[in-house]
Protein chains: 2
Amino acid sequence: MADPSKPAHPEDSGVTAKRGKPTLRTIAEITGLAVTTVSRALSEAPQISIETRKRVREVADEIGYSPDRAAQRLKTGRTNVIGVLLDPHEEILGYGTSIMSGIAKALQGTAYHLIVMPNFLNSTNVEAVNYITRNGMADGLIFSRTEPLDPRVRLLSDLGFPFVTHGRTELSTPHAYVDYDNFTFSYQATKRLIAKGRRKPALISGPAGFTFAGHLQHGFMTAVREAGCAYEILSGIDLDSPAGAIRDRVRQRYAEPDPPDSFMCGGEVCALATITGMSDCGLTLGREYDIIAKQTSHLLSAIQPQVETIYEDLTATGEDMGRVLLQKIGGESDVSKLQLLLCPQIPSSFGTPG
Amino acid sequence: MADPSKPAHPEDSGVTAKRGKPTLRTIAEITGLAVTTVSRALSEAPQISIETRKRVREVADEIGYSPDRAAQRLKTGRTNVIGVLLDPHEEILGYGTSIMSGIAKALQGTAYHLIVMPNFLNSTNVEAVNYITRNGMADGLIFSRTEPLDPRVRLLSDLGFPFVTHGRTELSTPHAYVDYDNFTFSYQATKRLIAKGRRKPALISGPAGFTFAGHLQHGFMTAVREAGCAYEILSGIDLDSPAGAIRDRVRQRYAEPDPPDSFMCGGEVCALATITGMSDCGLTLGREYDIIAKQTSHLLSAIQPQVETIYEDLTATGEDMGRVLLQKIGGESDVSKLQLLLCPQIPSSFGTPG
DNA sequence: CTGGCCATTTAAAACGTTATAAATTCAGCA
DNA sequence: TGCTGAATTTATAACGTTTTAAATGGCCAG
């Protein structure tokens, strides 16, 4: 039983140096304090004397201590992680980049880390959310592409799990969101096309099922009805369609009778593809037809005919979402403070007619 | 009529139901086994009898048990997380999407999770890597944009921390990588321009400092030297430049004497911006000049003049990186198995891409 | 029976942290 | 002196898992 070859205390004396990562115990041994005291000191607990706190901090810095997050997590149940659910569709043209750099900005200086949880294969998004909450992989969640009756929102609301969505829902239980006013955007954008004398605008809207697609459509319809003009909602494609498909569809539509004379595009690649499709038919932007698009990046500055755009600031959106989520986690329950509707930025040069 | 059979009162019988998440202890109490046995059974340890394993699994499924990852992590020191370091520049045009969906595919069915760790503000990338390793936030790391003497590679090699890079280095210690043969790509692409009769190709290369930029340049130079023709490496811009900047630079260059007659572009947005810049000068692709570009998405299918491209399959790259990293984590030390150089796909005929 | 060996199960100790409650010191004061 | 209370510090017990070493019981050879 007694194995003398077993190194009971390897080459060390008194203060255990322990080759591994320093822990609270290491600091405790060095300072002669108890582990509890060290823990408290490092979290700046007021009950620990100022000088003790200072000394502990110094030693911690010196030996390069950093707390074991797994242990903290196990004990406290908190992860200090904010998760962003990433849908493959979202990354097109830096959507993700902008949003995330905004979130990162909001989280800077807090205890929270930003972590992106991509969902490429794990079946539905609800399952991903379920998995994340069940496994305690984050303290709060951010996601977009909300549906009117979004099951993720339902689930998280039921669980009381903090989250913010990019986009609204039509659920009765209110929840935190940051959204762009796509109705107003679409309404004003369409009005601009009409103001240019176009009599049959076409809408290329978001994928059916998402709240924002409905808003786009609503704004569009309101504008065309007010003007009493013809309109069209281009079928078969949406903002998620590959550029080539949009191009083909536009070209094909022009081969049919009574084509639209202008386009309201919810995105930049969409605008680009539309221009190309129309070019294929020998039509020139600004002459035979007009386009107005939502702009979220600098892509369109790379193309030839200047496309008229309305800007959506996704970085600001991300920053707002981060802030709102922190408030929510912090216990803020006043829903009005957790719901933000960002207004489209209408350049004054295109201001109201007259 | 009224059926009072409610589905099991939460706090009823002798077996402690404990409102919270089920743990090993819950299963142990239900089955009458020891916690240790349950743990073993769930990990399919051969020492536990088949029938016990089966019963434990059944109970676990029934009550919806899932292990607490924080506890596992604390005990084992393993996180079951593969981290991808994301640089803001990388997300342009779905680079990230493609790579990550590939990695996700490779990780599917394993115990590993894919988590993206964006680095927008935390100063340098080395610090991010340092932070991740020190805090045990992942078991393995994937990142790209390697430099010849990449400090991250150095650090991780020193630590013995498993990682794979997208791109090579010139460090003496070999490490796992998956790379695209940018030399060959650039060489053959440039040769094609020359084969079309162009006598002064210009290169728009990657940002200085990255290994792949050197490879692109090397391939380009080899081709122009072989042909003995003039050449130019466009200064002031690179593949990371905003589209507008590239467009402006190209236009400006044409206002000066002795402009290039063709472009070798490392990316799609770059190609797009170049075309626009040339259009600004009244020049037409395929007539006054030619372009060849590296293609990684479907963007270019949305634009008018068909641009000749060579394809890099980033999803395959991601999948390879995932596989290689798993091997590395699994203890594979034969470096030759951990280094992959993917060859450019040269289409036999230069038709329209699928 | 006894002892030994197998197959199976188990108790106890960790991992590094925080929460709870208790202990210690010391000053002030009756 | 002895009590109270404030200011510090501390021991102990968790959190949920895995690891280590040991226990249990059945079976068979001696």
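In this text, all values refer to a predicted model and were calculated from it rather than measured experimentally. Reminder, nothing fancy here: chain letters follow the sequence lines and each chain counts from 1.
Nucleic acid contact class of B:Ser39 (heavy atoms, under 4.0 Å, all strands): base. Looking at heavy-atom distances under 4.0 Å, A:Ser43 makes no contact with the nucleic acid at all. Residue contacts shown for B:Thr37 include a base, since a base heavy atom lies under 4.0 Å away.
Rounded to a whole Å, the CZ atom of B:Arg25 is 16 Å from the C1' atom of C:dT10. Look at CG on A:Leu24: it is 13 Å from C1' on C:dC15, rounded to the nearest Å. Distance CZ (A:Arg53) to C1' (D:dT8): 11 Å, rounded to an integer number of Å. Following rounding to the nearest Å, A:Arg134 (CZ) and D:dG16 (P) show an atom-to-atom distance of 14 Å. Following rounding to the nearest Å, A:Leu33 (CG) and C:dT24 (P) show an atom-to-atom distance of 17 Å. Distance A:Ile50 CD1 to D:dT8 P: 8 Å, rounded to the nearest Å.
The pair B:Glu44-B:Arg57 meets the salt-bridge criterion, since a charged nitrogen lies less than 4.0 angstrom from a carboxylate oxygen. Ion pairing between a basic and an acidic side chain is recognised when a charged N comes within 4.0 Å of a carboxylate O; A:Asp179 and A:Arg168 show such pairing. Under a 4.0 Å N-O distance rule, the pair A:Glu51/A:Arg55 does not qualify as a salt bridge.
The listed nucleotides are C:dG16, D:dT10, D:dT17; the one nearest the side chain of B:Ala71 is D:dT17. With C:dT18, D:dT17, C:dT17 as the candidates, the nucleotide lying closest to the side chain of B:Pro67 is D:dT17. Nearest to the side chain of B:Lys75, among C:dC15, D:dT9, C:dT17, sits C:dC15. Closest to the B:Thr23 side chain, of the nucleotides C:dG16, D:dT17, D:dT18, is D:dT17. Candidate nucleotides C:dT9, C:dT17, C:dG16 were compared by shortest atom distance to the side chain of A:Val35, and C:dT17 ranks first. Residue B:Gln72 has its side chain nearest to D:dT17 when only D:dT17, C:dT9, C:dT17 are considered.
Judged by atom type and distance alone, A:Thr36 reaches the base of D:dA11 through a side-chain donor-acceptor pair under 3.5 Å. Evaluation of atom-type donor-acceptor distances gives a pair under 3.5 Å for the side chain of B:Arg40 against the base of C:dT10.
Judged by distance alone, the side chains of B:Thr317 and B:His166 never bring a donor and an acceptor atom under 3.5 Å apart.
Put simply, CG on B:Asp150 and CG on B:Asn125 are 8.0 Å apart, with the number rounded to the nearest 0.5 Å.
Across the interface with DNA chain C, nearest-nucleotide mapping of A:Asp68 and B:Ser49 shows B:Ser49 to be the residue nearer the 5′ end.
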